Number of protein chains: 2
Amino acid sequence: MKKKSSSASITIQQVAEAAGVSTATVSRAINKSDAVSEELRNQVIQAVQKLGYKPNRSARNLRAHNVRKVGVLFADVQNPFFTSVLAGIEASLQKVDYVLLLGNSNEDRHIEQEHLKVFQEEGVAGIILAAVTDSAAPYQKVIRNGVPILALDRLVERLKVDSVSINNVEAAALATEHLLNLGHKDVAFIGGPVSISTARLRLEGYRKALLNHGLVNERVELGNFRQVGGYRAMKALLSTKLYPSAVFVSNNLMTLGALQAIHEAGLNIPKDIALIGFDDMPWATSLQPPLTVIAQPTYNLGTIAVRLLLDRILNPANPIQQVILESQLIVRESCGGKSTGNSGFERSLNH
Amino acid sequence: MKKKSSSASITIQQVAEAAGVSTATVSRAINKSDAVSEELRNQVIQAVQKLGYKPNRSARNLRAHNVRKVGVLFADVQNPFFTSVLAGIEASLQKVDYVLLLGNSNEDRHIEQEHLKVFQEEGVAGIILAAVTDSAAPYQKVIRNGVPILALDRLVERLKVDSVSINNVEAAALATEHLLNLGHKDVAFIGGPVSISTARLRLEGYRKALLNHGLVNERVELGNFRQVGGYRAMKALLSTKLYPSAVFVSNNLMTLGALQAIHEAGLNIPKDIALIGFDDMPWATSLQPPLTVIAQPTYNLGTIAVRLLLDRILNPANPIQQVILESQLIVRESCGGKSTGNSGFERSLNH
DNA sequence: TTGTAGGCGTTATCAA
DNA sequence: TTGATAACGCCTACAA
């Protein structure tokens with residue numbers, strides 16, 4: 001009479017019957033509670049395996065409030081920078097048996113809002129966010145609902161949350177200095193919209209380096225953080241009477257666009273124009289000449305993000321942490337001079 | 001007495017009270033059931049907005065069995081091919097208010113199994129899979145549990161499921177023919193492990209084209225579907241006494257590796273060696289010379305996958321569909337000759 | 001058209 | 001240590 005003839009999945013009830021114990025015991029056994037005898041635990045485990053029981057996470061989430069599920073909301077999942085970060089996040093989450101909900105806001109604030117809403121409906125334990133906007137209010141609301149947010153890469157002004165990013169000012173300064181030290185007097189900067197923190201900070205770093213060298217005439221072109229943006233920006237630079245002798249492109253997709261513009265103009269790198277890009281992407285070593293870049297520890301950005309978020313979930317009252325990682329200049333040949341040897345390909349080999 | 005002082009989220013119960021109706025009415029109102037008067041519906045909507053009510057999806061899933069949630073399980077989320085497909089999937093799902101669970105098996109069958117298990121625990125309505133193995137059994141089990149699978153890109157032998165892919169044989173033949181027609185007699189092939197259907201089929205296409213031209217001496221190098229694989233394969237090819245005059249690299253990451261090997265050898269493309277790659281990736285137009293490639297409709301692969309899977313979820317008994325999309329040869333300059341004009345960049349502009 | 005009430009699969013409380 | 005049992009928040013017969 002008690003048997004359900006349902007063809008659907010096995011429930012804890014059926015396991016309990018098969019093992020000859022109560023559902024409570026089954027629950028305790030599979031959740032590794034200590035308060036259960038070795039003997040019963042074994043019976044339960046056997047029944048679980050025999051029936052192929054898989055706990056229903058919806059029911060579990062409904063009842064217990066520790067949900068092993070986090071939302072990841074990125075501004076552009078096609079950008080290889082985010083892809084690499086995503087891989088780090090995914091691997092970390094999977095290790096601790098968390099589930100990953102993915103949202104792509106595609107740089108659109110309305111879509112972002114939509115995802116935020118759905119994540120809350122799903123009851124995620126926390127959210128890793130590369131935000132589209134720079135205003136705290138919409139995100140603050142989510143936090144007030146009890147869902148912690150971790151800001152990744154892009155920081156949001158006035159939003160007091162844990163965050164992981166690189167030191168963008170220094171990174172950009174480093175790149176610019178490199179060009180300056182090579183003797184370039186006319187170093188241009190291609191960057192993204194200043195509404196995005198990373199773009200703003202990198203521009204700041206560029207200016208800082210210029211000032212350090214007593215230069216006051218900046219050459220700045222901004223565009224969207226996509227390939228076209230870089231293409232147009234470089235076109236604009238090259239269309240001037242005296243185009244710059246060196247350019248720092250502060251985003252990976254924009255770098256690709258910039259390269260295209262340079263090639264179309266028939267210019268030689270680094271002889272006619274020196275170039276330094278952002279992010280050590282797979283193609284950097286496949287270009288001719290190989291590209292000098294600022295490399296961010298993308299994968300680690302992801303793993304650290306997960307660690308911080310889980311910390312926060314477990315200890316909501318802990319002080320806020322802002323982790324800033326070092327980025328690194330990888331000298332190859334696109335700025336002239338020689339490569340510092342085998343820089344880059346080993347990295348690809350690793351993961 | 002009925003009030004819950006819980007600081008947690010609003011429930012349907014509280015909305016019902018605020019609107020002065022029963023929970024049943026609230027449920028009907030927000031689920032757009034027709035059997036509710038305009039007047040009450042408005043009351044409910046007001047209460048929902050005032051309280052900021054968000055339905056709890058765990059509870060909803062537990063009760064009703066139509067779960068708006070699908071799992072996406074890819075073999076390598078860092079491969080830009082999959083990234084682009086993923087973007088298509090994500091956009092489609094978001095439009096119909098489905099949630100996306102992401103898993104990255106990283107070409108590891110055990111991790112894949114783990115994800116499959118968790119997806120079932122989460123109660124996904126279906127799974128979009130780019131499989132790691134070529135044996136049907138593990139996937140068949142999932143299907144028997146009532147969770148439909150859609151095979152994307154990589155088909156699994158003997159697994160009778162809906163699928164979306166390109167015609168890999170023809171695509172590879174097309175690439176090879178192109179080189180052959182350019183007068184190359186010694187066309188080599190770099191590909192992936194034949195345990196993966198796409199790799200197998202592309203090799204088949206290469207051989208087919210060779211035979212068509214009455215050639216019998218193939219030059220084949222296989223490696224993993226990563227950058228290193230292509231690098232080593234090309235190295236091997238170049239280390240032979242008489243290296244081939246043209247190479248077809250049948251995977252995008254491998255193409256990057258192959259390029260690197262060519263550059264290291266100091267060879268000129270296309271003068272010393274002609275090259276044709278797979279997938280029209282963002283960097284293809286940024287290379288010098290721009291890369292001739294076989295382009296797959298990646299984004300559409302994703303949107304169609306979603307359509308098929310949702311079809312299947314709604315109509316489990318429907319006949320199985322195998323959708324095969326056309327791929328396309330995009331001639332640029334890496335095989336010699338001239339570009340056919342503006343091929344490629346407009347695509348980047350579009351999405 | 002609206003409301004009442006039972007139950008989805010779990011976990012946690014309380015007794016035993 | 002174990003077992004009943006009451007929620008968790010929602011949907012849906014069924015009754016009104």
Side-chain angles (χ1 to χ4, degrees), chain A residues 2-44 47-48 51-69 120-123 145-146, chain B residues 2-44 47-48 51-69 120-123 145-146:
Chain A
K2 271 180 162 178
K3 281 264 171 60
K4 284 280 171 53
S5 70
S6 140
S7 77
S9 48
I10 315 292
T11 72
I12 201 174
Q13 179 73 29
Q14 299 171 45
V15 176
E17 282 173 25
V21 299
S22 73
T23 60
T25 301
V26 175
S27 175
R28 285 192 276 254
I30 61 182
N31 289 312
K32 310 193 195 307
S33 159
D34 38 337
V36 50
S37 68
E38 250 342 280
E39 193 191 339
L40 286 197
R41 184 190 303 280
N42 286 335
Q43 286 180 40
V44 169
V48 164
L51 298 179
Y53 167 70
K54 295 187 199 61
N56 178 322
R57 286 199 182 212
S58 289
R60 189 176 264 179
N61 294 343
L62 183 57
R63 178 60 231 239
H65 271 260
N66 68 338
V67 184
R68 302 176 90 78
K69 171 159 59 178
Q120 288 173 266
E121 292 181 7
E122 274 286 343
N145 287 342
Chain B
K2 271 179 161 178
K3 283 264 170 61
K4 284 279 172 53
S5 69
S6 141
S7 77
S9 48
I10 317 292
T11 73
I12 201 173
Q13 179 75 28
Q14 299 170 43
V15 176
E17 283 172 23
V21 298
S22 73
T23 60
T25 301
V26 176
S27 175
R28 284 192 276 255
I30 61 182
N31 290 312
K32 311 196 194 306
S33 159
D34 38 337
V36 50
S37 67
E38 252 340 283
E39 193 191 338
L40 286 196
R41 184 190 304 281
N42 286 335
Q43 286 180 38
V44 170
V48 164
L51 299 179
Y53 168 70
K54 296 187 199 60
N56 177 323
R57 286 200 181 212
S58 290
R60 190 177 264 179
N61 294 343
L62 184 58
R63 176 60 230 240
H65 271 262
N66 68 339
V67 184
R68 301 176 92 78
K69 171 159 59 179
Q120 288 173 266
E121 292 181 7
E122 274 286 342
N145 287 342

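What you see is a predicted model, and the numbers here were worked out from it, not measured in a lab. Just so it is clear: chains get the letters A, B, ... in the order the sequence lines come, proteins before strands, and each one is counted from 1.
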* For A:Leu62, what residues pass the side-chain contact (heavy atoms from CB on, under 4.5 Å) criterion, not counting sequence neighbours? -> B:Asn56, B:Ala59, B:Leu62
* Expressed in angstrom and rounded to an integer, what is the separation of A:Arg60 atom CZ from D:dG9 atom P? -> 18 Å
* Asked: Roughly how bent is the helix from C:dT1-D:dA16 to C:dA16-D:dT1 end to end, in steps of 10 degrees, with each end axis from five pairs?
  -> 40°
* To do: Mind calculating the distance between CD1 (B:Ile10) and C1' (D:dC10) to the nearest angstrom?
  => 15 Å
* Asked: Quick one: is A:Arg63 getting a side-chain N or O under 4.0 Å of the D:dA7 phosphate, OP1 or OP2?
  -> no
* Please give, in whole Å, the distance from D:dG9 P to A:Glu121 CD? -> 15 Å
* **Nearest-0.5 Å distance, OG of residue B:Ser9 to CD of residue B:Gln14** => 8.5 Å
* Asked: Taking atom P of D:dT2 as reference, at what distance in whole Å does atom CG of A:Asn42 sit?
  -> 11 Å
* Report which part of the nucleic acid B:Asn61 touches: base, sugar-phosphate, or nothing (heavy-atom distance under 4.0 Å, all strands). => nothing
* **Partners passing side-chain contact (heavy atoms from CB on, under 4.5 Å) against B:Val67 (at least two apart in sequence or in another chain)** => B:Asn61, B:Lys69
Tabulate atom names and distances for all N/O pairs under 3.5 angstrom spanning the protein and nucleotides 1-4 of chain C.
| residue | atom | partner | partner atom | Å |
| --- | --- | --- | --- | --- |
| C:dT2 | OP1 | B:Ser37 | OG | 2.6 |
| C:dT2 | OP2 | B:Ser37 | N | 2.6 |
| C:dT2 | OP2 | B:Ser37 | OG | 3.3 |
| C:dG3 | OP2 | B:Ser22 | N | 3.1 |
| C:dG3 | OP2 | B:Ser22 | OG | 3.1 |
| C:dG3 | OP2 | B:Thr25 | OG1 | 2.5 |
| C:dG3 | N7 | B:Arg28 | NH2 | 2.7 |
| C:dG3 | O6 | B:Arg28 | NH1 | 3.3 |

* To do: Kindly compute the distance separating OG1 (B:Thr23) from CZ (B:Arg28), expressed to the nearest 0.5 Å.
  => 8.5 Å
* Structure fact -> Minimal heavy-atom distance between A:Ala47 and A:Ala19, with the atoms involved, is CB-CB, 3.9 Å
* To do: Rounded off to whole Å, could you give me the CD-to-P distance for the A:Glu122 and D:dC8 pair?
  => 20 Å
* Structure fact -> Closest of D:dC11, C:dC8, C:dT11 to the B:Leu62 side chain is C:dC8
* **Any residue meeting side-chain contact (heavy atoms from CB on, under 4.5 Å) with B:Val36, in chain and number order, not counting sequence neighbours** => B:Thr25, B:Leu40, B:Arg41
* Rounded to whole angstrom units, what separation is found between the CD1 atom of A:Ile12 and the P atom of D:dT5? -> 17 Å
* Asked: Taking all non-hydrogen atoms of both residues, which atom of B:Leu51 and which atom of B:Ile10 are closest, and how far apart?
  -> O-CG1, 3.4 Å
* Please report, rounded to the nearest Å, how far the C1' atom of D:dC10 is from the CZ atom of B:Arg68. => 16 Å
* Structure fact -> Sorted by chain and number, sequence neighbours left out, side-chain hydrogen bond (donor to acceptor under 3.5 Å, both in side chains) with B:Thr11 holds for none
* Kindly say if B:Thr11 contacts the phosphate of D:dG9, meaning a side-chain N or O under 4.0 Å from OP1 or OP2. => no
* Asked: Between B:Asn56 and D:dC8, is there a side-chain N or O to OP1/OP2 distance below 4.0 Å?
  -> no
* **DNA chain D: 5'-proximal contact among A:Ala59 and B:Val26 (nearest heavy atom)** => A:Ala59
* Structure fact -> side chain to side chain donor-acceptor pair (under 3.5 Å) test vs A:Glu121 passes for just one of B:Lys54, B:Arg57, B:Arg60, namely B:Arg57
* Return the value, rounded to whole Å, for the distance between atom CD of A:Gln43 and atom P of D:dT2. => 9 Å
